[in-house]
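I have placed the structure first, in the form of structure tokens, so that the comments after it can refer back to it.
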Amino acid sequence: MNLMITILMITMALSMLLATISFWLPQMSPDAEKLSPYECGFDPLGSARLPFSLRFFLVAILFLLFDLEIALLLPLPWGDQLNNPTGTFFWAMAVLILLTLGLIYEWVQGGLEWAE
């Protein structure tokens with residue numbers, strides 16, 4: 001029981017020490033840029049009716065699409081423990097081929113070019 005109390009005291013003291021250091025260590029020099037809200041590269045104080053490029057949203061959607069690919073393929077390593085892992089690998093390859101074809105299509109159409 002004495003060991004548990006000692007470990008608890010050390011962890012509490014260390015966490016309080018680190019919290020105190022992280023509170024006092026950074027330099028406090030706020031300026032207008034740091035105090036203004038960040039709005040995805042748009043000027044938050046300007047007009048809300050300014051035209052913007054739709055390429056920004058296209059790149060964001062592509063990022064979400066390929067991020068979803070990783071989420072879909074995450075359970076793939078456990079697929080080889082099934083009775084018939086061939087079906088799992090077939091569907092995983094189907095997803096990868098479909099997404100690769102979509103990427104090639106976007107590349108050929110120029111959807112990945114940021115500057116015109």
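These numbers come from the heavy atoms of this one structure, side chains and all, not from hydrogens, waters or symmetry mates.
- Taken to the nearest 0.5 Å, the CD1 atom of I7 stands 10.5 Å off from the CG atom of N2.
- Atom CG of residue L17 and atom OG of residue S22 lie 9.5 Å apart, to the nearest 0.5 angstrom.
- The shortest side-chain heavy-atom distance between I5 and M9 falls under the 4.5 Å cut-off.
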For residues 87-100, which side-chain N or O atoms pair as donor and acceptor with protein atoms under 3.5 Å away, sequence neighbours left out?
{"unit_1": "T100", "atom_1": "OG1", "unit_2": "L96", "atom_2": "O", "d": "2.6"}

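- Within the 4.5 Å cutoff, the side chain of L64 has no heavy atoms near those of the L68 side chain.
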